[in-house]
*Asks:* 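Handing you a structure now.
Keep in mind that the numbers below use all heavy atoms, side chains included, and drop hydrogens, waters and symmetry copies. Lettering of chains follows the sequences in order, A, B, ..., and the numbering in each one begins at 1. All figures in this text were calculated on a predicted structure; none of them were measured in a lab.
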Protein chains: 2
Amino acid sequence: MSQQSIHRATQVLGLFTFEKPSWRVSDIAKALGLAVGTTHGIVSALERCEFLAQDPASKEYKLGLKLLELGALQSVTFSLNRKAATPINYLSRHTSTIGRVGVLNNDVVLTTMSTDHQEWHPSSYIGPTVPAFCTGIGRAILAYMPGEEVIAHLARVKLHQYTSKTLTDPVRLRAEFTATRERGYSLVYGETLVHLDTIGVPVFGPEGRVVGAVSLSGNPGQFASGDVAELAPQLLDAAMEISTHMGYRPQPHFL
Amino acid sequence: MSQQSIHRATQVLGLFTFEKPSWRVSDIAKALGLAVGTTHGIVSALERCEFLAQDPASKEYKLGLKLLELGALQSVTFSLNRKAATPINYLSRHTSTIGRVGVLNNDVVLTTMSTDHQEWHPSSYIGPTVPAFCTGIGRAILAYMPGEEVIAHLARVKLHQYTSKTLTDPVRLRAEFTATRERGYSLVYGETLVHLDTIGVPVFGPEGRVVGAVSLSGNPGQFASGDVAELAPQLLDAAMEISTHMGYRPQPHFL
DNA sequence: AACAGCATTCGATAATACCGAAAGGAATAG
DNA sequence: CTATTCCTTTCGGTATTATCGAATGCTGTT
């Protein structure tokens, strides 16, 4: 069709992960099934544009500074973040919890904003993407997605047992989605990390489609049932405000 | 030469700024002097790879989620950040100041890490890039760069008067670089933002070249002369530790 | 209802990226 | 110290691929 060069370039960039942040030309070529000469052309083009940077000593390539620049720009101009920043920051500070904003992208939750800058730090890095089925944001989104899409999603992803509390049975998960809809918010008690509890509320856009979710997280002590009764309404309010700004118009009830 | 497709793709991405985060195909074509058909090919390839996202209603393109992912990954695997994270976080908390890590890239300072998550928020966004000549990190780097490179840099950039205190005279700036070398750290009192004071210390790599800098910022009350006398040695210590981890080996004095 | 402006599609052409081989370097083994 | 190996980088011919310009289709406006 069109533009395979660009597609290959993005494939190269997609190889870089937290576990393997440095790649040699020949390994990239092997991973993508391309000739080394071809790969070298792509890689050096990406280097000239600062999408990759080469360590002069080891000849290995790492992600370049231009990506940092573009990533920060995308985050800051992302409409969901722009709408959610003020209310979620306020709630997070006011309630001493960690506030997050995220979307479901390629079957994983991509955290697009977080009030916890710790989480971006190298030491405890798990990546900006987390599974959907066992996180506050993911559950909130899945609970309000069309049923067939949810089933397809659950079939595609691996329901890994992260902690002893993690729900991995599709049937029980769907029951939990129903419960989430009845409550209006998701509840995840130590299913991702043992000492982390989260509540999540979906954000809607035009035509009532879920476009993302917001969440508050903290240690188990902060999420006793009484605390949740206080937190949830505030987060629901915030999410409604964000949804409205995202173009959501609640259906009139008389229809 | 090679790979103009990729180069054009990055040119497209480079058009997106905080001031203009949304582009139409025809405007991109105009800005880059390409045919609209050609531009559409590039843009839709970038969209397929999630480097761009199209608003279905307005048909305008914005930066895509993949860039957020890659940007976060680059930040977290960036070796300077990895080495600086622990000491700068500690210092920042311990002294109630804002800690930053940055490099000089294309004549501007790119902030690669910051303990102030406020600054990434839409409301007060000035971009991850800031001028070098009037910021703590920038001054620290410039002061330790080879003289001819500094002169070339100062000739290329516009020395804008951000506040009434901003030094814009190249001669006085070079005197300040000398003073910075004598002190070992840069001092910037309200030259970028009136109510922000900063001290910056360079980070060295192999062969003694400056590879970046770290800084501490706060409001003017926190940076009285006595306070600086306490802060500076700690930041100098931290920077030396980071430099060592970056491969810097101090020259033996007996040579 | 006609128009204007834009995104998108399409086909022919010419340029460009691809491949495979070879050269150049660096590190390790003999 | 030399030989070997592995990897990066360069090079040229070929075929694929991106490009351009025009045509089509869509949307919102006059």
Side-chain angles (χ1 to χ4, degrees), chain A residues 1-17 20-64 66 77 79 205-207 209 247 249, chain B residues 1-16 20-64 66 79 205-207 209 247 249:
Chain A
M1 300 283 264
S2 76
Q3 302 295 139
Q4 312 182 6
S5 239
I6 291 175
H7 183 243
R8 292 208 164 143
T10 64
Q11 280 187 304
V12 169
L13 295 175
L15 288 174
F16 291 77
T17 62
K20 186 155 178 38
S22 269
W23 285 78
R24 295 180 311 180
V25 172
S26 57
D27 288 334
I28 295 173
K30 205 172 297 172
L32 298 181
L34 299 173
V36 276
T38 304
T39 308
H40 180 262
I42 296 169
V43 162
S44 60
L46 287 170
E47 188 191 8
R48 263 193 297 279
C49 307
E50 297 184 271
F51 276 55
L52 289 179
Q54 186 180 35
D55 179 20
S58 68
K59 300 279 181 184
E60 292 193 341
Y61 288 87
K62 303 178 62 176
L63 295 179
K66 193 75 192 175
T77 59
S79 62
E207 290 139 52
R209 277 193 62 87
R249 294 292 169 269
Chain B
M1 302 284 265
S2 76
Q3 302 296 137
Q4 313 184 10
S5 241
I6 291 175
H7 184 244
R8 294 211 162 139
T10 63
Q11 280 187 302
V12 169
L13 294 175
L15 289 174
F16 291 76
K20 186 155 178 37
S22 269
W23 286 77
R24 295 180 310 181
V25 173
S26 57
D27 288 333
I28 295 174
K30 206 172 296 173
L32 298 181
L34 299 173
V36 277
T38 304
T39 307
H40 181 264
I42 297 170
V43 162
S44 61
L46 286 170
E47 188 190 10
R48 264 193 296 278
C49 308
E50 296 185 275
F51 276 57
L52 288 179
Q54 187 180 34
D55 179 23
S58 68
K59 302 279 182 183
E60 291 191 74
Y61 287 88
K62 302 179 65 177
L63 295 179
K66 192 76 191 173
S79 63
E207 290 140 55
R209 278 193 62 88
R249 294 295 170 267

*Asks:* To the nearest Å, give me how far apart CD (Gln4(A)) and P (dA15(D)) are.
*Replies:*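 Atom-to-atom, Gln4(A) to dA15(D), this comes out as 17 Å.
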*Asks:* Output every pair passing side chain to side chain donor-acceptor pair (under 3.5 Å) with a member in residues 28-42 of chain B, not counting sequence neighbours, ordered by first then second residue.
*Replies:*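 Sorted pair list comes back empty.
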*Asks:* Could you give the CD1-to-P distance, from Ile42(B) to dT9(C), as a whole number of Å?
*Replies:*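 For the pair Ile42(B) CD1 and dT9(C) P, the rounded distance is 16 Å.
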*Asks:* Of the non-hydrogen atoms in Lys62(A) and Ser79(B), which two are nearest, and what is the gap between them?
*Replies:*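 The pair with the smallest heavy-atom distance is NZ-N, 3.9 Å.
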*Asks:* How many Å lie between CG on Leu32(A) and P on dA17(C), as a whole number?
*Replies:*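 Spelled out: CG on Leu32(A) to P on dA17(C) is 18 Å.
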*Asks:* In whole Å, I'd like the distance from the CD atom of Glu60(B) to the P atom of dG5(C).
*Replies:*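 For the pair Glu60(B) CD and dG5(C) P, the rounded distance is 17 Å.
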*Asks:* Calculate the interatomic distance between Leu52(B) atom CG and dA7(C) atom P; express it in whole Å.
*Replies:*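 In whole Å, dA7(C) P lies 13 Å from Leu52(B) CG.
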*Asks:* Can you measure Gln3(A) atom CD to dA15(C) atom C1' for me and round it to whole angstrom units?
*Replies:*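 That distance rounds to 14 Å.
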*Asks:* Summarise how protein sits on nucleotides 7-12 of chain D as a single string, 5' to 3': B when a protein heavy atom is under 4.0 Å from the base, S for sugar-phosphate-only contact, - for no contact.
*Replies:* SSSB--
*Asks:* Pick out which of Val43(B), Leu52(B), Ile42(B), Val36(B) makes a side chain to side chain contact (heavy atoms under 4.5 Å, CB included) with Ile28(B).
*Replies:*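 Passing option: Val43(B).
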*Asks:* Using whole Å, what does the distance between atom P of nucleotide dA17(C) and atom CD1 of Ile6(A) come to?
*Replies:*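 That distance rounds to 10 Å.
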*Asks:* Using every non-hydrogen atom in the two residues, find where Lys59(A) and Gln54(A) come nearest and quote the distance to one decimal.
*Replies:*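 Shortest heavy-atom separation between Lys59(A) and Gln54(A) comes out as O-NE2, 3.3 Å.
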*Asks:* So, OP1 or OP2 of dC18(C): does either fall under 4.0 Å of a side-chain N or O from Arg8(A)?
*Replies:*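 So the side chain of Arg8(A) is within the cut-off, an N or O lying under 4.0 Å from OP1 or OP2 of dC18(C).
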*Asks:* Would you say the side chain of Arg8(A) lies within less than 4.5 Å of the side chain of Leu34(A), judging by non-hydrogen atoms?
*Replies:*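 A side-chain contact under 4.5 Å exists here.
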*Asks:* For Phe51(A) and Leu13(B): C-alpha separation, side-chain torsions, deciding distance, then whether side-chain contact (heavy atoms from CB on, under 4.5 Å) applies.
*Replies:* CA-CA 11 Å; Phe51(A) 276 55; Leu13(B) 294 175; 3.7 Å; yes
*Asks:* Could you tell me, to 10°, how much the axis swings from one end of the helix from dA1(C)-dT30(D) to dG30(C)-dC1(D) to the other, five pairs per end?
*Replies:*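 End-to-end axis angle: 40°.
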*Asks:* First locate atom OG of Ser5(B), then atom CD of Gln3(A), and finally report the distance between them rounded to the nearest 0.5 Å.
*Replies:*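 Rounded to the nearest 0.5 Å, the OG-CD separation comes to 4.5 Å.
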*Asks:* Look up atom CG in Leu63(B) and atom CD in Glu50(B), then write down how far apart they are to the nearest 0.5 Å.
*Replies:*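 Going from the CG atom of Leu63(B) to the CD atom of Glu50(B) covers 13.0 Å.
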*Asks:* Any idea which heavy atoms bring Pro21(A) and Phe16(A) closest together, and the distance?
*Replies:*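 That would be O-CD2, 3.3 Å.
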*Asks:* Map Leu34(A) and Ala57(A) onto DNA chain C by nearest heavy atom, then report which one ends up closer to the 5' terminus.
*Replies:*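 Its nearest nucleotide lies further toward 5', so the answer is Leu34(A).
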